[in-house]
Amino acid sequence: MSKKKLVLIDGNSIAYRAFFALPLLNNDKGIHTNAIYGFTTMLMKIMEEEKPTHVLVAFDAGKTTFRHETFTEYKGGRQKTPPELSEQFPFIRELLKAYGISHYELPNYEADDIIGTLSKKAEQDGFSVKVISGDKDLTQLASEHTTVMITKKGITDMEEYTPEHIREKWEIDVSQIIDMKGLMGDSSDNIPGVPGVGEKTAIKLLKQFSSIEQLLESIDEVSGKKLKEKLEENKEQAVMSKKLATIMTDAPVEITLEEVFYEGIVDEELQMLFKELGFQSLLEKFDFEGGALEELEELSFIVAHEITQEMLAHPSALYVEMLEENYMNGKIIGYGLSNQSGHYFIPTDIARESEGWQEWLRDKSKEKVVYDAKKSIVALKRQGLELNGVSFDSLLAAYIINPAQNHEDFASVGKEYGLSCVQSDEQVYGKGAKQAVPNLDALSEHVARKASMLWDLTEKLKTALKENHQDALFFDLELPLAFILGEMEYQGVKVDRTRLTSMGKELGGKLKELEEKIYELAGETFNINSPKQLGVILFEKLELPVIKKTKTGYSTSADVLEKLQSKHEIVKYILHYRQLGKLNSTYIEGLLKVIHEDSDKVHTRFNQALTQTGRLSSTDPNLQNIPIRLEEGRKIRQAFVPSKEGWVIFAADYSQIELRVLAHISGDDKLMEAFQQDEDVHTKTAMEVFSVSKDDVTSEMRRHAKAVNFGIVYGISDFGLSQSLNITRKEAGEFIERYLDTYPAVKEYMEDIVVEARDKGYVSTLLNRRRYIPELTSRNFNLRSFGERTAMNTPIQGSAADIIKQAMIDMAKRLEEENIEAKLLLQVHDELIFEAPQSEIEKLKTMVPDVMENAVELNVPLKVDFAFGPTWYDAK
DNA sequence: CGGCTCACGC
DNA sequence: GACGTACGTGAGCCGT
């Protein structure tokens with residue numbers, strides 16, 4: 001028999017936690033549901049992860065408990081439970097019932113005491129126990145057989161407290177937690193403790209005296225006059241506080257462990273409850289027996305056996321359906337079509353045989369609205385079919401309206417706009433290894449539904465774009481750009497396979513040598529690629545000092561290793577091994593894997609609807625992170641070559657585009673001056689910040705100034721800056737302050753934009769791209785700070801993204817107008833990479849900077865540098 | 001298969 | 001004083 005496992009949940013604590021962690025959600029009947037929702041997600045996660053045999057949720061029963069006899073003010077000063085939360089408790093009990101989970105409460109005792117009592121009992125009966133709560137007090141129950149999970153942030157993110165973890169974290173024994181609490185007190189429970197003693201002091205005292213009782217006996221040995229006095233004055237209070245903080249393990253609990261056996265979910269009840277509460281996402285997530293999900297409204301559609309003229313109406317909604325996400329390799333499995341004549345599913349073989357269909361696709365005058373224009377066009381082009389007349393892309397429109405939404409799945413996008421007649425792709429096709437095309441009936445219905453919903457969605461999106469004044473951003477920027485990106489992807493980049501292979505061989509040899517050297521110095525062989533094994537070697541066997549720890553062990557990151565270089569010879573070999581290993585696995589082997597056999601080209605896909613700032617991203621392969629900073633890595637670029645004989649690679653990049661954007665939007669005189677006079681902005685910043693003349697700027701000063709500029713551009717915090725410069729956080733904070741004093745209008749911009757963002761809920765870029773920042777109203781300091789940095793940074797990064805996108809569109813136009821053969825291949829955030837016949841280089845040398853520099857007009861000039869050569873490496 | 005750590009670019 | 005700190009993609013490891 002498998003081991004018995006008991007999960008004990010502190011019901012009140014989790015409900016409170018969920019209530020305050022989530023915004024006040026309402027269902028359609030006006031009932032608040034946030035605590036119920038949070039409780040449910042927590043429960044789902046726990047049940048899935050722990051798969052317990054027994055479960056109990058304990059609740060507090062009423063206001064007074066035995067603890068009030070000891071201390072009448074216990075839990076005094078606590079705010080009343082908000083009615084918005086109270087009203088949710090009956091539903092939580094219903095939820096538990098539907099889940100087949102028992103709950104229990106005991107007059108005069110708290111949930112803690114029930115949990116404490118049952119956990120001890122269960123331990124004796126051979127259970128392993130998990131306790132779930134939001135209250136750290138419960139950690140006192142941790143033992144060899146009991147793990148206590150405390151919610152960290154939100155409600156599903158938990159920290160596991162085992163006795164070992166407690167020793168590591170607080171450097172005290174589990175048994176001393178109550179002493180710690182007795183000394184510190186707890187303001188939320190109104191436990192007084194000893195005034196002036198916090199966590200730090202409590203731990204220090206306990207390390208010396210081990211318990212409150214022993215401490216009070218040997219009170220003369222306490223160092224620090226003040227502290228001693230306080231302790232003496234509050235002797236009784238400390239002892240009482242400890243008593244209050246102690247969880248009972250022998251409360252008169254009447255429920256038995258047999259009774260809390262987990263029965264399993266009652267599907268119907270849970271489904272009904274979710275429906276009543278309006279938990280759409282959970283209804284889907286849940287694999288209800290029989291799959292009897294919410295019934296979709298009926299849709300009559302036709303599976304086309306031939307293509308008729310009537311079907312080819314316009315405008316039409318066209319959904320090009322593929323199974324694989326990578327449309328460079330995947331196949332089209334059918335088309336959904338929806339227009340005034342009806343809704344259709346068109347199987348690929350029917351489409352392939354129809355001249356009329358292909359002609360219709362090609363016809364510019366036949367308007368089509370699609371979901372993911374670029375994907376549709378490229379996928380068809382790979383089949384030799386042309387798609388023209390795309391007048392709307394609901395993927396891009398939805399992204400523009402709210403980039404934070406997940407746009408992977410069409411059904412979920414529809415749902416956001418109140419449309420729900422399509423199942424999620426995962427429901428229809430499954431996922432992972434189990435992914436497959438279903439039978440024709442299911443497939444055709446799914447795809448026809450998509451086309452139908454696409455039509456309705458388009459109307460809604462057009463309205464929303466207009467309301468937001470984002471029509472221009474969509475019609476003049478993103479949609480035209482999609483066509484250009486499609487061309488770039490289809491075109492691909494030629495890769496010199498032999499070159500890569502030989503670099504790989506060379507790397508392999510060097511890696512072998514390094515590996516042997518490392519094993520020799522370590523005195524044993526191990527997996528250098530495993531941070532865990534490497535940590536053991538460095539910090540246990542070789543006893544190097546531990547500089548940083550991660551959640552799971554020692555950190556072995558590059559910045560840590562750099563600090564250890566002087567301590568042991570092995571470190572530099574490991575750093576080098578890492579560097580070469582990365583090159584080999586990601587850039588040599590990884591790249592070789594995605595080269596198309598027939599053409600020797602790689603065809604990256606640019607995701608145009610993903611980043612929160614408006615930048616593009618690149619996958620399969622990612623060509624936006626090819627090494628450049630270190631020479632060894634930079635050589636990878638030698639493998640990227642023009643696709644034709646006599647052609648060259650031409651690369652043009654914006655110089656300091658983000659800082660120029662910042663100068664523009666802040667209107668800061670000094671910063672604008674730097675660019676108007678085309679000065680080195682980092683040196684200029686160093687001059688201003690350190691108040692020295694140009695000749696007195698040291699390389700150290702410039703490096704610091706550069707890091708601050710970098711930090712401003714990427715919206716990093718003082719902590720981030722301190723990390724990158726290896727200085728203290730305080731110093732980093734001072735740097736930022738001095739920077740802002742130097743550029744007062746920048747400071748003003750930073751302050752104003754946060755206020756504006758809080759008022760409006762979002763920030764905007766130059767071309768009216770939006771990013772909503774709900775974090776700004778968070779009560780959590782970190783989240784709020786993150787929101788503030790986002791508010792400052794997004795207009796800068798996002799506007800830069802707007803500008804280069806505009807430049808790409810202008811560039812494509814110029815290339816076509818002037819009949820230039822050169823082709824745009826890649827965009828890497830602030831640079832454009834072309835391939836071109838040698839004969840066109842002279843022309844490009846003036847045209848490309850001209851177009852890029854004039855994509856938009858700012859209060860400061862934009863500046864573009866360029867270079868060209870036989871490989872990407874040489875275009876520097 | 002998913003989470004974690006690490007490393008590359010801007 | 002704690003909190004956990006730019007955005008992406010991808011590789012390998014490791015526990016499930």
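Lettering of chains follows the sequences in order, A, B, ..., and the numbering in each one begins at 1. Only heavy atoms go into these numbers, but all of them, side chains included; no hydrogens, no water, no symmetry mates.
- Using modelled atom types, one finds no donor on one side chain facing an acceptor on the other under 3.5 Å when comparing A:Glu478 with A:Tyr399.
- Contacts of A:Ser785 with the nucleic acid, taken as non-hydrogen atoms under 4.0 Å apart, are absent.
- In this structure, A:Tyr743 has its ring center under 6.0 Å from that of A:Tyr739.
- Between A:Ile649 and A:Asp874, the closest side-chain pair of non-hydrogen atoms is not below 4.5 Å.
- Taking atom C1' in both C:dC3 and B:dA7, the straight-line distance is 27 Å, to the nearest Å.
- Pairing of C:dC13, defined by two Watson-Crick or G-U wobble distances under 3.5 Å, is identified with B:dG3.
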Query - Contact pattern, 5' to 3', of nucleotides 2-8 of chain B - B, S or - by protein heavy atom under 4.0 Å - result: S-SSSBB
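- For the pair A:Leu832 CG and B:dC10 P, the interatomic distance rounds to 14 Å; values are reported in whole Å.
- In this structure, a donor-acceptor pair under 3.5 Å is absent between the side chains of A:Gln797 and A:His829.
- Listed by residue number, there are no residues of residues 791-804 of chain A with a heavy-atom contact under 4.0 Å to DNA chain C.
- Shown here is A:Lys5, whose NZ atom has more than 12 heavy atoms of other residues, nucleotides or ligands within 6.0 Å.
- The residue among A:Gln612 and A:Gln533 whose nearest nucleotide of DNA chain C lies closer to the 5′ end is A:Gln612.
- A salt bridge is absent between A:Lys593 and A:Glu589: the closest approach of a Lys/Arg side-chain nitrogen to an acidic carboxylate oxygen does not fall below 4.0 angstrom.
- Looking at A:Thr728 and A:Glu731, their side chains do bring a donor and an acceptor atom within 3.5 Å of each other.
- Taking a cutoff of 4.0 Å between a charged side-chain nitrogen and a carboxylate oxygen, A:Glu853 and A:Lys863 do not qualify as a salt bridge.
- Side chains of A:Thr765 and A:Asp802: a donor on one and an acceptor on the other come within 3.5 Å.
- Nucleotides B:dG9 and C:dA6 are separated by 13 Å at their C1' atoms, to the nearest Å.
- In this structure, A:Asn527 reaches the sugar-phosphate backbone alone: every heavy-atom distance under 4.0 Å involves primed, P, OP1 or OP2 atoms, never a base.
- Among the atoms of the strands shown, none is found under 4.0 Å from any heavy atom of A:Gly720.
- A 3.5 Å limit on both hydrogen-bonding distances identifies no Watson-Crick or G-U partner for C:dA2.
- Using modelled atom types, one finds a donor on one side chain and an acceptor on the other under 3.5 Å when comparing A:Tyr327 with A:Lys374.
- At a threshold of 4.0 angstrom between heavy atoms, the contacts of A:Arg729 include nucleobase atoms, whether or not backbone atoms are also involved.
- Among the atoms of the strands shown, only primed sugar atoms or phosphate atoms (P, OP1, OP2) are found under 4.0 Å from some heavy atom of A:Phe786.
- The residue A:Ser585 sits close only to the backbone: its heavy atoms come under 4.0 Å of sugar-phosphate atoms, none of a base.
- Between the side chains of A:Thr685 and A:Asn709, at least one donor N or O sits under 3.5 Å from an acceptor N or O.
- Ring geometry, A:Phe866 versus A:Phe650: the interplanar angle falls under 30°, so the pair is classed parallel (tilted spans 30 to 60°).
- Running 5' to 3' along DNA chain C, contacts with non-hydrogen atoms of chain A at under 4.0 Å begin and end at C:dA2 to C:dG15.
- Here A:Asn780 lies out of heavy-atom contact (under 4.0 Å) with every strand.
- Taking for each of A:Lys200 and A:Thr611 the nucleotide of DNA chain C with the nearest heavy atom, the 5'-most of the two is the partner of A:Lys200.
- For the P atom pair drawn from C:dG4 and B:dC4, the interatomic distance equals 14 Å after rounding to whole Å.
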